[in-house]
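As structure tokens, the structure follows; a few thoughts come after it.
For the numbers below, each heavy atom of this structure counts, side chains included, while hydrogens, waters and symmetry mates do not. Note that ligands are numbered from 1 as they come in the structure, with each ligand's atoms numbered from 1 the same way. Just so you know, residue 1 is the first one in the sequence shown, and it goes up from there.
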Amino acid sequence: MSSHGDPIPMTSRACGPLRGTAEVPGDKSISHRSLILGAMCIGETTIKGLLEGQDVLDTAKAMQAFGADVTDHGDGNWSVRGVGVGGFAEPQNVIDCGNSGTGVRLIMGAMATQPITATFTGDASLNGRPMARVTDPLAEFGCQAVGREGGRLPMTLVGARAPVPVRYTVPVPSAQVKSAVLLAGLNAPGQTVVIEQEATRDHTERMLAGFGARIDTRETDEGYEITLTGQPELQPQHIDVPRDPSSAAFPVCAALITPGSDVLVPGIGLNPTRAGLFTTLREMGADLTYENERTEGGEPVADLRARFSPDMHGIEVPPARAASMIDEYPVLSVVAAYASGQTVMRGVKELRVKESDRIDAMAQGLRANGIEVEEGPDWWIVTGLGHGNVPGGAVCASQLDHRIAMSFLILGMAANAPVRVDDGGPIATSFPIFEPLMARLGADVSRDTA
Ligand code: S3P
């Protein structure tokens with residue numbers, strides 16, 4: 001079932017060259033953070049290029065429930081009139097974060113050190129995901145959480161009345177956990193310290209600094225140590241949201257596998273904590289170039305040019321790169337199917353607790369479409385058949401996971417028989433313009449009629 005309605009079965013068929021410019025939507029991670037940090041300032045934050053996917057819309061609604069004034073001015077322009085650090089009101093109703101792990105975990109962090117109670121829920125996917133990874137560190141600030149067995153949603157959090165600062169080493173590579181602790185630290189006195197062994201996306205740190213908080217990262221023997229000084233007066237900002245590299249991955253990978261393609265994907269953020277997929281594709285022999293490299297809003301940005309690459313080969317993806325491409329493994333496994341030889345992906349057990357178990361979801365669908373996949377608890381190997389040899393022809397379950405649905409639709413673009421997904425509805429959570437954007441490039445992706 002789709003996250004917000006009836007299932008939308010979709011089919012993708014082999015198509016001619018993909019050509020043109022793919023203007024993908026705003027970055028999902030930065031969009032969530034813009035709304036949440038905007039809600040934690042006094043005054044008006046303006047946002048241009050906000051991702052208007054369901055995940056982010058659910059966060060906008062949540063910020064309103066906590067007392068911020070969130071306004072949609074049209075065309076991706078939004079404003080947030082915030083209530084200040086520590087100024088959240090108690091929501092009158094349950095907060096429904098839909099499909100979004102980022103939304104719920106960051107919002108839990110932001111409210112955990114405020115003297116209010118809130119109950120959170122989500123769709124079947126989100127309600128199956130682990131929340132203890134966030135509520136454990138939040139308990140150290142003095143926040144209590146009661147949820148279902150295994151720390152699952154629905155869950156009620158009672159924010160700390162007299163929060164204390166925390167020093168916390170994140171046990172799994174997770175920007176959501178790191179960010180939840182930092183957002184909680186905003187309303188705690190003194191210094192909150194988060195230590196992560198592997199660098200994960202650093203948007204929260206960069207944006208907190210931009211909003212005027214004191215925050216420093218230094219490399220120590222324990223890992224990256226991030227120190228935030230609590231109770232700052234955050235200053236409202238104007239935010240230009242860069243386009244999402246995780247969404248850019250889909251037209252880029254589609255172009256690489258579809259004969260004759262030449263696609264430009266402009267204005268993509270290449271923050272090193274996010275750009276691992278593009279490095280990996282280039283190592284596989286992809287004709288993927290960075291054009292017009294520049295810096296925007298303190299972030300490296302480039303226009304990506306992807307051309308059909310019939311001679312890609314499998315590689316062993318360095319596990320140290322996993323955090324910088326964690327959302328891109330599903331679509332990488334599709335490219336791997338069209339490459340020759342094995343693509344080996346290790347150190348990726350986090351994939352098992354995303355919107356779906358992404359190793360299992362991709363392995364099942366790839367096998368059904370004639371691709372060999374081996375898997376273990378934290379690794380998987382895809383044996384590529386090379387261009388022109390991918391059978392296709394199967395129906396794949398998207399498992400309420402936008403990236404699984406889009407990955408299988410990309411698989412169908414160069415397969416010998418159409419590839420179908422049982423429900424494309426979840427695509428709207430992160431990439432609401434996926435269908436018209438791919439159609440304009442020349443893809444043959446359609447909704448099935450009953
Ligand atoms: C995100 C962090 C990642 C990523 C998710 C967005 C974020 O999750 O998978 O799509 O915006 O902080 P984890 O923190 O669980 O690694």
Checklist outcome for this item: Phe88 meets the ring pair (Phe, Tyr, Trp, His ring centres under 6.0 Å) criterion, sequence neighbours left out, with Phe66

Checklist entry - Could an N or O of ligand 1 be found under 3.5 Å from any N or O of Glu350, whether backbone or side chain? => result no

Checklist entry - Quick one: which of Lys28, Gln176, His32 has a heavy atom closest to atom 2 (C) of ligand 1? => result Gln176

Checklist entry - Sub-3.5 Å donor-acceptor pair from the side chain of Ser100 to the main-chain atoms of Asp55, do we have one? => result no

Item to check | Any donor-acceptor N or O pair under 3.5 Å, side chains Glu205, Thr217 | outcome: no

Checklist entry - Which of these, Met155, Arg152, Arg148, sits in a side-chain contact (heavy atoms from CB on, under 4.5 Å) with Met131? => result Met155

Item to check | Element-labelled atoms of ligand 1 that are located less than 4.0 Å from some non-hydrogen atom of Thr102 | outcome: 1 (C), 5 (C), 6 (C), 7 (C), 11 (O)

Next on the checklist: Would Ser179 count as being in polar contact with ligand 1, using the rule that some N or O on each side must be under 3.5 angstrom apart?
Outcome noted: no

Next on the checklist: Test your reading of the structure: does Arg105 have an N or O sitting under 3.5 Å from an N or O of ligand 1?
Outcome noted: no

Checklist outcome for this item: The protein heavy atom nearest to atom 11 (O) of ligand 1 is Ser29 OG, 2.7 Å

Item to check | Arg201 and ligand 1 - part of the residue with a heavy-atom distance under 4.0 Å | outcome: side chain

Next on the checklist: Under a 3.5 Å distance rule, please check whether Asp422 uses its side chain to pair with a backbone N or O of Pro9 as donor and acceptor.
Outcome noted: no

Next on the checklist: Is there a polar contact, in the sense of an N or O pair closer than 3.5 Å, between Ile326 and ligand 1?
Outcome noted: no

Checklist entry - Under 3.5 Å, is there a donor-acceptor pair between the side chain of Glu140 and the main chain of Asp136? => result no

Item to check | Partner set under side chain to side chain donor-acceptor pair (under 3.5 Å) for Glu375, not counting sequence neighbours | outcome: Arg352, Arg367

Next on the checklist: Whether Arg403 engages the ring of Phe408 as a cation-pi pair (distance to the six-membered ring centre under 6.0 angstrom, angle to the ring normal within 45°) should be assessed.
Outcome noted: no

Item to check | Heavy atom of Pro173, distance to ligand 1 below 4.0 Å | outcome: yes

Checklist entry - With distance as the sole test, does Glu90 use its side chain to make a donor-acceptor pair with the main-chain N or O of Thr117 at under 3.5 Å? => result yes

Checklist entry - So, does Lys354 sit close enough to ligand 1 that a heavy atom of it is under 4.0 Å from the ligand? => result yes

Checklist entry - Does Arg33 reach ligand 1, in the sense of a heavy atom lying below 4.0 Å from it? => result yes

Checklist entry - Quick one: nearest non-hydrogen protein atom to atom 10 (O) of ligand 1, plus distance? => result Asp327 OD2, 2.7 Å

Checklist entry - Has ligand 1 got any nitrogen or oxygen that is less than 3.5 angstrom from a nitrogen or oxygen of Ser174? => result yes

